[in-house]
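What follows is a single structure, written as structure tokens, with notes after it.
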Amino acid sequence: QVQLVESGGGLVQAGGSLRLSCTVSGRAWDVYTGGWFRQAPGKERDFIAFIRRSGYTGYADSVKGRFTISRDNGKNTMYLQMNSLEPEDTAVYFCASTNGAYYSSDSLEMEESYNYWGQGTQVTVSS
């Protein structure tokens, strides 16, 4: 059994920063690729970023230069550092993990590649 739990969401003003955490239990992080997605009200769930166990990362164009994904395998935790936040970033943010199999970078932008999901944490950015 693998469980992922997000934390760190909240209310922040535009231009501010927030760091989300995702902690996994049941398995160690080290063999998995992790990803972050978000879903705004009435919108589809969109890819944000992924990080391989090697530390290789990929980002959606909408967050490049503003968001940074990282991981600490010793703490079984993945992070999403969000800077220069905009009202358009308001959404429920989800972390996810693969089952350890290899996926191409293009595949990792699709939610179908991820086997385990957290319940989400709300991020609200005000003007």
Side-chain angles (χ1 to χ4, degrees):
Q1 292 183 320
V2 177
Q3 295 182 338
L4 282 68
V5 179
E6 304 94 339
S7 63
L11 176 64
V12 64
Q13 291 191 197
S17 298
L18 208 59
R19 189 178 78 160
L20 306 183
S21 299
C22 175
T23 299
V24 64
S25 62
R27 306 282 187 184
W29 260 122
D30 57 357
V31 302
Y32 301 109
T33 294
W36 286 96
F37 290 74
R38 67 186 181 187
Q39 186 170 24
K43 303 292 185 179
E44 71 279 6
R45 186 159 59 186
D46 291 329
F47 164 78
I48 299 173
F50 69 79
I51 183 167
R52 300 184 187 274
R53 67 179 185 178
S54 64
Y56 182 86
T57 59
Y59 296 91
D61 289 341
S62 60
V63 304
K64 285 181 179 177
R66 300 190 299 122
F67 291 11
T68 302
I69 188 172
S70 62
R71 63 192 296 167
D72 186 333
N73 292 333
K75 296 181 179 179
N76 288 341
T77 301
M78 180 176 65
Y79 304 96
L80 184 68
Q81 178 66 47
M82 304 183 294
N83 299 325
S84 301
L85 284 164
E86 305 167 352
E88 293 77 14
D89 296 316
T90 295
V92 177
Y93 284 70
F94 298 89
C95 66
S97 175
T98 69
N99 63 358
Y102 175 81
Y103 294 91
S104 69
S105 294
D106 286 343
S107 294
L108 290 171
E109 296 179 3
M110 299 184 294
E111 59 187 281
E112 291 82 3
S113 298
Y114 298 85
N115 298 90
Y116 308 105
W117 292 84
Q119 64 189 58
T121 185
Q122 177 71 46
V123 172
T124 302
V125 184
S126 65
S127 300

Residue pair R52 / T57, side-chain donor-acceptor N/O under 3.5 Å: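 No.
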Polar contact flag, side-chain donor to acceptor under 3.5 angstrom, N83-S17: yes
Can you measure from [atom1] ([X]) to [atom2] ([Y]) and round to the nearest 0.5 angstrom?
X	Y	atom1	atom2	result
Y56	S105	OH	OG	4.5 Å
T33	L108	OG1	CG	5.5 Å
S7	Y79	OG	OH	9.0 Å
L11	Q122	CG	CD	9.5 Å
F50	M78	CZ	CE	12.0 Å
C95	W36	SG	CH2	4.5 Å

Atom [atom1] of [X] with >12 non-hydrogen neighbours under 6.0 angstrom:
X	atom1	result
Q13	CD	no
E86	CD	yes
Q39	CD	yes

Chi angles and distances behind the side chain to side chain contact (heavy atoms under 4.5 Å, CB included) call for D89, F67: CA-CA 11 Å; D89 296 316; F67 291 11; 4.0 Å; yes
Closest approach of [X] and [Y], non-hydrogen atoms and distance?
X	Y	result
Y93	A91	CD1-O, 3.3 Å
S127	A14	CA-CB, 4.5 Å
K75	T77	O-OG1, 2.8 Å

Under 3.5 Å donor-acceptor, [X] side chain and [Y] backbone:
X	Y	value
R66	S84	yes
Y59	I69	yes
N115	N99	yes
R71	I51	yes
E6	G120	yes

Cluster check L18, I48: I/L/V/M/F/W/Y, side chain < 4.5 angstrom: yes
Criterion side chain to side chain contact (heavy atoms under 4.5 Å, CB included) on L80 and T68, from CA distance to verdict: CA-CA 6 Å; L80 184 68; T68 302; over 6 Å; no
F37 and F47 aromatic ring geometry - parallel, tilted or perpendicular at 30°/60° bounds: perpendicular
Ring geometry between W117 and Y114 (parallel below 30°, tilted from 30 to 60°, perpendicular above 60°): perpendicular
Option among V92, L20, T90 that satisfies the side-chain contact (heavy atoms from CB on, under 4.5 Å) test with V123: L20
Within 45° cone of F94 ring axis and under 6.0 Å: R38 NZ or CZ: no
